[in-house]
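Notes for the one structure printed next.
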Amino acid sequence: MSLRNQANKISDNVWEIPTSVRKDMNVPVHIYSNDNLFASLDDGVIKQSMNVSSLPGLVQKVNVMPDAHWGYGFPIGGVAAMDIEEGVISPGGIGFDINCGMRLIQTNLTIEVVQPRLKELVNELFKAVPTGVGRKGPLPLTHTQMHGVMKDGIDWVIENDLGWAEDKKFMEEQGKIEGAKPELISQKARGRGQNQLGTLGSGNHFLEIQVVKEGNIYDKEAANAFGINKNNQIVIMVHCGSRGFGHQVASEHLNLFLDIMPKYGIKILDKELAAAPIKSREGENYFASMACAANLAFVNRAIIMENTRKVFSRIFKQDPEDLGMNLTYDVCHNIAKFETHKIDGETREVLIHRKGATRSFAPNHSDLAEKYKPHGQPVIIGGSMETGSYILAGTESSMTQAFGSSPHGSGRTMSRSKAKKQIDGKTLQQNMLKKGIYVKGASLRGLAEEAGLAYKDLDDVVKAAQGGGLSRPIVKLLPIGNIKG
DNA sequence: ATGTCC
C-alpha cells in the first residue's frame with residue numbers, strides 16, 4: 001500500500017499527515033500539491049517528511065513543496081522551522097550544495113538580434129563559464145581573497161569591482177549571510193573552493209538564455225518592476241551553488257554530528273538526518289561554516305554573471321550597462337537561515353531550513369528592494385532545459401502558511417540512471433536544436449539526464465504553488481540557448 | 001549536488 005494513503009487531502013492543494021500516523025512525529029506535515037502531482041508523488045517523500053517531523057524543536061509543521069522528491073535525509077522541497085532554544089540544525093535539511101540558487105539577469109535585447117548570433121553566444125559562454133565536475137575557474141584566489149569571499153559575500157565582489165554596487169539590492173539577504181567564520185573552515189574545503197569561483201558545476205546546474213513572450217506575462221506591473229517589459233525580450237538565468245566547497249563543509253559536519261549526537265541525547269531514525277542543537281558549539285560552528293559556503297555561492301553566481309556580461313558586451317559591441325544587463329534577483333534554494341516570522345499569532349525568530357525550496361517573502365517585507373515592495377519578492381524557479389522557467393512573486397499567505405517559502409523548480413520524476421538508459425544525448429541535442437534551443441554541455445550523458453521527460457511538469461508545479469497560496473506567477477520564460485555541466 | 005570511494 002502506498003504511503004500516500006497516510007495523508008488526508010484538506011484542501012484542493014494541501015495534503016496533511018497528522019501526528020497520529022506515527023508515534024514519533026512531533027508536528028504534522030503539510031504537502032502542497034495537486035491531484036496530478038500527488039498521484040505520482042514518491043513514497044520516499046512521505047516517509048522522509050515524517051522522519052523530519054520526528055526531529056526535536058520543530059515549530060508548527062513540516063512543509064513539503066509541490067516539486068518535492070526523495071533526497072538525502074530531508075526530501076528536496078522540504079521546509080522546516082526550528083525553535084532557537086529547543087531545535088537542531090541538520091546538514092541534510094540544507095543539502096550538500098549549500099546555497100545552490102538561482103539568479104536572473106535582464107537585457108534590453110530581443111530575439112531578433114540574438115537569434116542570428118545564438119550559436120556564437122552559447123559557444124562563447126561555454127568558454128567563459130567552465131562546466132562539469134571538478135572544473136577549475138577563471139579566478140583562482142589567494143588566501144586573503146578567499147577569506148574575503150567567505151566572510152563578506154557580495155561585498156567582496158563589489159569592493160573588487162567584479163560586479164555592480166546595485167546588484168546587492170536585488171539579492172536574498174543582500175548577498176551576505178552574517179556570522180560567517182572563515183577560521184573554522186578546513187584546509188581541504190578551502191583548497192576545493194579556492195579555484196572554483198566562476199564555474200557552473202554539473203547535474204542540473206545551467207546557464208540559460210531565455211525569451212519572454214507577451215502572452216506569458218501574467219502581471220504586467222510586477223513584471224515591469226522585475227525588469228521584464230517587452231515581447232521577445234531576452235533574459236539570462238543561472239543555476240548553481242557552492243561547488244566542491246559547500247560539499248566538503250556539509251560532509252565534514254555530517255560526520256562530526258554522527259559522533260556527537262549521543263552527547264546531546266539526539267535520537268534520529270535515519271543517519272542522514274544527523275543534527276546538532278542550534279545552541280551548541282557544534283551547531284553554531286556548522287552555521288558559521290555554512291554561512292561561509294553560502295557567501296561563496298553568492299560570489300560564484302556573481303562572477304558567472306560578470307563573465308556573462310563580458311561575453312554579451314563583446315558579441316553585441318555595447319557596454320553591459322547599455323545592454324541593460326541588470327540583476328533581477330538572486331535567491332537561495334538550499335540554506336538554513338535565522339528569520340523572524342509571525343507563527344500562530346506570535347512574532348518569533350526561528351531557524352528555517354529550506355532544501356530545494358525558495359524564499360518567497362510577501363509584499364512590503366523589509367528585506368525587499370523598494371521597487372519590489374508593491375509586488376513581493378521575485379521567486380525564480382527553473383524548469384527543465386526543454387520546457388521553460390518561471391518568475392513568481394511571494395505572497396502574504398506564503399508567510400502565514402509556509403514561513404515565506406515556495407517551490408524551486410520542477411523536480412525529477414525519473415532517476416538519472418533511468419534517464420541515461422532511455423535517452424540518447426546526441427539525439428536529444430539535435431531534437432532540441434530543431435525546436436530552436438541550442439544546448440551545449442560538458443557531456444552528452446549528462447545532457448540525457450536533464451531531458452524534459454525526466455522532470456515533473458513545471459506548469460503543474462506553478463499551478464499547485466499558486467493554488468496553495470505559496471506564490472503567484474508573474475512571467476514564464478522559454479529557453480533558446482543553454483550551457484550545462 | 002560532489003576531485004560521483006582516502
Side-chain angles (χ1 to χ4, degrees), chain A residues 44 48 67-78 90-103 129-137 140-141 146 185-207 238-256 258 271-272 274 289-290 292-294 296-298 300-301 304 331-336 353-358 382 384-385 408-412 414-421 441-450 454-455 483-485:
Chain A
Q48 288 191 320
D67 54 340
H69 53 113
W70 181 88
Y72 184 93
F74 281 54
I76 293 159
S90 171
I94 293 162
F96 279 92
D97 190 4
I98 295 164
N99 191 8
C100 177
M102 203 75 109
R103 64 164 47 197
V129 183
T131 65
V133 179
R135 282 298 297 274
K136 291 181 181 178
L141 300 179
M146 185 66 185
I185 299 297
S186 69
Q187 278 309 313
K188 194 172 180 184
R190 190 183 276 269
R192 288 181 72 172
Q194 212 143 353
N195 52 23
Q196 284 191 319
L197 273 194
T199 65
L200 202 57
S202 68
N204 64 357
H205 289 168
F206 64 78
L207 185 156
V238 175
H239 179 214
C240 70
S242 50
R243 308 287 287 101
F245 181 78
H247 190 274
Q248 189 63 35
V249 168
S251 305
E252 288 172 11
H253 287 85
L254 269 165
N255 289 332
L256 173 69
L258 284 173
K271 71 174 178 51
E272 295 183 356
S289 304
M290 183 214 68
C292 290
L296 181 134
F298 281 138
N300 191 31
R301 291 194 287 274
I304 288 173
V331 289
C332 314
H333 281 170
N334 278 1
I335 200 159
H353 291 68
R354 287 194 191 92
K355 181 192 193 178
T358 313
S384 82
M385 61 188 180
H408 82 309
S410 38
R412 297 194 74 87
M414 195 187 284
S415 71
R416 293 188 171 275
S417 54
K418 196 175 167 194
K420 260 187 297 203
K421 272 182 209 155
S443 86
L444 286 171
R445 280 171 66 196
L447 202 64
E449 292 176 5
E450 294 300 315
Y455 281 87
I483 71 169
K484 296 206 69 75

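Keep in mind it's a predicted model, so treat the numbers as computed, not measured.
Arg354(A) meets the salt bridge (charged side-chain N to carboxylate O under 4.0 Å, His left out) test with Glu339(A); sequence neighbours excluded. Listed by chain and number, the residues in a ring-ring contact (aromatic ring centres under 6.0 Å, His included) with His69(A) amount to none (sequence neighbours excluded). Applying the side chain to side chain donor-acceptor pair (under 3.5 Å) rule to Glu449(A) yields the partners Arg416(A), Lys420(A); only residues at least two apart in sequence or on another chain are considered. Residues passing the side-chain contact (heavy atoms from CB on, under 4.5 Å) test with Ser410(A) are Tyr455(A), Leu458(A), sequence neighbours excluded. Residues forming a side chain to side chain donor-acceptor pair (under 3.5 Å) with Arg445(A) (at least two apart in sequence, or on another chain): none.
Atom NZ in Lys136(A) sits about 16 Å away from atom C1' in dT2(B), given to the nearest Å. In this structure, CG of Asn255(A) is placed 11 Å from P of dC6(B), rounded to the nearest angstrom. Put simply, CZ on Arg416(A) is 10 Å from P on dT2(B), counting in whole angstrom units. What separates CG of Leu296(A) from P of dT2(B) is a distance of 12 Å, to the nearest Å.
Contacts between residues 239-248 of chain A and DNA chain B, counted as heavy-atom distances below 4.0 Å, involve Arg243(A), Gly244(A), His247(A).
Within the 4.0 Å cut-off from OP1 or OP2 of dT2(B), at least one side-chain nitrogen or oxygen of Ser202(A) is found.
If you check every strand for non-hydrogen atoms under 4.0 Å, Gly203(A) touches sugar and phosphate atoms only.
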